[in-house]
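Below: the structure, in structure tokens.
In this chain, numbering begins with 1 at the start of the sequence shown.
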Amino acid sequence: MATHYEEGSNMKALYFTGDSIVGLSETDVPSPGKGEVVLQMKASGVCGSDLKNFRAPKSEKVALGDLKVPGHEPVGIVSELGEGVTNVSVGDRIMMHHYTGCLQCSMCLIGYTQMCLVHHEVYGSTAHGGHQEYMLVPAYTCIPMPDELDFAAAAACSCGTGTAFHAVKRIQPTGLDTVAIFGQGPVGLSATMFAAQMGARVIAVDISPYRLRLAEELGADEVINSSDMNVEEAIREITGGEGADSTLDATGIPEVRIQAVDSAKYWGKVCFVGEGNTTTFDVSPQIIHKQLTILGSWTFSQAGLAEVAKFVVERKSPMDKLITHKYDLGRAQEAYETFISGETGKVILEI
């Protein structure tokens, strides 16, 4: 076995200690057991789904020793192999599919361990994630990185950008289609980028002038600031009165989900990606009588992670425009505060 550290040495790991405060602590470098590997972390993405944990009151937090390291977009280099590991080697560049499963049920067998019918863990939530210098992971979660892909772009692909890619695939856009994408945070911006690369005319919707400008740089043909105009009317004006062929909601906001449904044309498709909240629809006029196809899209399979990385490399997706901010681990507090401001695209911690 080869390592990049001395036995018994410590490493830095990040924790959310409550009340929007980031703590950086020393902890032991992990050792791999059977079927496990240690990754020397190189990058770990900041995601909107981190924010509930980040903002949680200190009174709700357990003792520091029981907190889990956040970060569910981990990429790094294999540093040490446990017994029986044959699918990767020391020195391999790895993206991690950040879930475990039973590996035997129907969902695990198609690579969707996050949908395991028995039990699953989520790295960065229920298990230690990527915001640390070394990370212990099951070998089967390791997905090789293309040589041409840098660590920051690979981290983005490992959740938010990958989620957007597979949501856009679900609506099957062509060069004949107009796709309206609601919300231009990192997931929505990624969806805008991919829908444009797949040939669609893209309408990007948000309330942030910064993010709408970024959406244009990533391929949006039209942008709508929903804070100062009626979104449905604007989309119908752009589409000759019919509405968009497909819409995608990356916000999870009930009112925006309704806008996504009402902005879709007859026989159109609506894809829900943004998490949380409850939304009420008048099903007959809004969905049934319009003959809509309603899709839910959640993350991706192990093979799906490799697929999005391959697409990004082969189609030269402009990840350098999508990723607007990079910080080292010691500046994680600044990274999260900047991300919350809304004046960012994708934010990456480089380790």
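- Of all the heavy atoms in F151 and G76, the pair that sits closest is CE2-O, 4.1 Å.
- A distance of 12.0 Å separates OG1 of T161 from CZ of F311, quoted to the nearest 0.5 Å.
- Hydrophobic clustering (side-chain heavy atoms under 4.5 Å, transitive across Ile, Leu, Val, Met, Phe, Trp, Tyr) keeps Y140 apart from F300.
- For R211 and E343, the salt-bridge test fails: no basic side-chain N is under 4.0 Å from an acidic carboxylate O.
- Taking the six-membered ring wherever Trp is involved, the centroid distance between the rings of Y99 and Y112 does not fall below 6.0 Å.
- Taking each heavy atom of H98 and P74 in turn, the nearest pair found is CB-CD, 4.4 Å.
- In the hydrophobic clustering of ILVMFWY residues, with side-chain heavy atoms under 4.5 Å counting as a link, F182 and V187 come out apart.
- Nearest heavy-atom pair, V78 versus I94, reported as atom, atom and distance to 0.1 Å: CG2-CG1, 3.5 Å.
- Residue T344 holds its OG1 atom at 6.5 Å from NE2 of H325, rounded to the nearest 0.5 Å.
- For the pair N277 (side chain) and G252 (backbone), a donor-acceptor distance under 3.5 Å is present.
- Annotation for I207: atom CD1 does not count as buried by contact number, only 12 or fewer foreign heavy atoms lying within 6.0 Å.
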Would you sort out whether T178 and R201 count as a side-chain hydrogen bond (donor to acceptor under 3.5 Å, both in side chains), showing the intermediate values?
CA-CA 5 Å; T178 296; R201 176 172 66 162; 2.9 Å; yes
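- Under 3.5 Å, the side chains of R257 and T279 contain a donor-acceptor pair of N or O atoms.
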Go through E350 and D328 one step at a time and tell me if the side-chain contact (heavy atoms from CB on, under 4.5 Å) criterion holds.
CA-CA 5 Å; E350 295 186 310; D328 62 39; 5.7 Å; no
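- Here the OG atom belonging to S301 is positioned 7.5 Å from the CD1 atom belonging to I110, to the nearest 0.5 angstrom.
- Comment: K34 does not engage E83 in a salt bridge, judged by the lack of any side-chain N to carboxylate O separation of less than 4.0 angstrom.
- Side-chain atoms of D282 do not come within 3.5 Å of backbone N or O of P285 as any donor-acceptor pair.
- By the rule that hydrophobic residues join a cluster once side-chain heavy atoms approach within less than 4.5 Å of another member, V313 and M95 end up as members of one cluster.
- For S227, the side-chain hydrogen bond (donor to acceptor under 3.5 Å, both in side chains) test picks out N225, with sequence neighbours left out.
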Determine whether V62 and L67 satisfy the following criterion, side-chain contact (heavy atoms from CB on, under 4.5 Å), listing intermediate values before the conclusion.
CA-CA 6 Å; V62 297; L67 292 174; 3.8 Å; yes
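- Remark: K310 NZ to E148 CD distance equals 11.0 Å, nearest 0.5 Å.
- Residues L189 and F272 do not share a hydrophobic cluster, clusters being chains of Ile/Leu/Val/Met/Phe/Trp/Tyr side chains in contact below 4.5 Å.
- Using modelled atom types, one side-chain atom of D249 and one backbone atom of T251 make a donor-acceptor pair closer than 3.5 Å.
- When the shell of 6.0 Å around CD of E237 is examined, it contains 12 or fewer heavy atoms from other residues, nucleotides or ligands.
- Checked by atom type, the side-chain pair Q184/S208 shows no donor-acceptor distance below 3.5 Å.
- Heavy-atom minimum distance, A43 versus I348: CB-CG2, 4.0 Å.
- Residues satisfying the side-chain hydrogen bond (donor to acceptor under 3.5 Å, both in side chains) test with S226, not counting sequence neighbours, are none.
- Between K346 and E73, at least one side-chain nitrogen of the basic residue sits less than 4.0 Å from a carboxylate oxygen of the acidic one, meeting the salt-bridge criterion.
- The pair R213-E216 does not meet the salt-bridge criterion, since no charged nitrogen lies less than 4.0 angstrom from a carboxylate oxygen.
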Determine, step by step, whether Q132 and L14 satisfy the side-chain contact (heavy atoms from CB on, under 4.5 Å) criterion, reporting the C-alpha distance in whole Å, the side-chain angles of both residues, the deciding distance to 0.1 Å, and the verdict.
CA-CA 6 Å; Q132 55 182 330; L14 182 150; over 6 Å; no
What do the steps show when you test K265 against D245 for salt bridge (Lys or Arg N to Asp or Glu O under 4.0 Å), and what is the final call?
CA-CA 6 Å; K265 69 188 296 185; D245 297 278; 3.2 Å; yes
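- Of the N and O atoms on the side chains of E121 and T126, at least one donor lies less than 3.5 Å from an acceptor on the other residue.
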Report the C-alpha separation of M11 and T27 in whole Å, then their side-chain angles, then the decisive distance to 0.1 Å, and conclude whether the side-chain contact (heavy atoms from CB on, under 4.5 Å) test is met.
CA-CA 5 Å; M11 65 171 185; T27 189; 3.6 Å; yes
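- Surrounding NZ of K12 are at most 12 heavy atoms belonging to other residues, nucleotides or ligands under 6.0 Å away.
- The closest donor-acceptor contact from the side chain of K290 to the backbone of V261 lies under 3.5 Å.
- Using a 4.5 Å cut-off between side-chain heavy atoms of Ile, Leu, Val, Met, Phe, Trp and Tyr, with links allowed through other members, I235 and V223 fall into different hydrophobic clusters.
- With rounding to the nearest 0.5 angstrom, the CG atom of D147 is 8.5 Å from the CE atom of M145.
- Here SG of C105 is found 9.5 Å from CE of M115. Values are rounded to the nearest 0.5 Å.
- Pairing each heavy atom of C142 with each of N87, the nearest pair is O-ND2, 4.4 Å.
- None of D19, T17, V22 except one satisfies the side chain to side chain contact (heavy atoms under 4.5 Å, CB included) rule with F54; the exception is V22.
- Side-chain contact of Y327 with T338: a donor-acceptor pair under 3.5 Å is present, judged by distance alone.
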Checking R331 against E334 for the salt bridge (Lys or Arg N to Asp or Glu O under 4.0 Å) test, could you report, in this order, the C-alpha distance in whole Å, the side-chain angles of both residues, the deciding distance, and whether it holds?
CA-CA 5 Å; R331 296 174 65 200; E334 181 183 352; 2.9 Å; yes
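- Side chains of S44 and H131: a donor-acceptor N/O pair is present below 3.5 angstrom, by distance only.
- Side-chain contact check for E255 and Q259: no donor-acceptor pair (N or O, by modelled atom type) lies under 3.5 Å.
- Across every non-hydrogen atom of P30 and Y134, the tightest pair is CD-CB, 4.0 Å.
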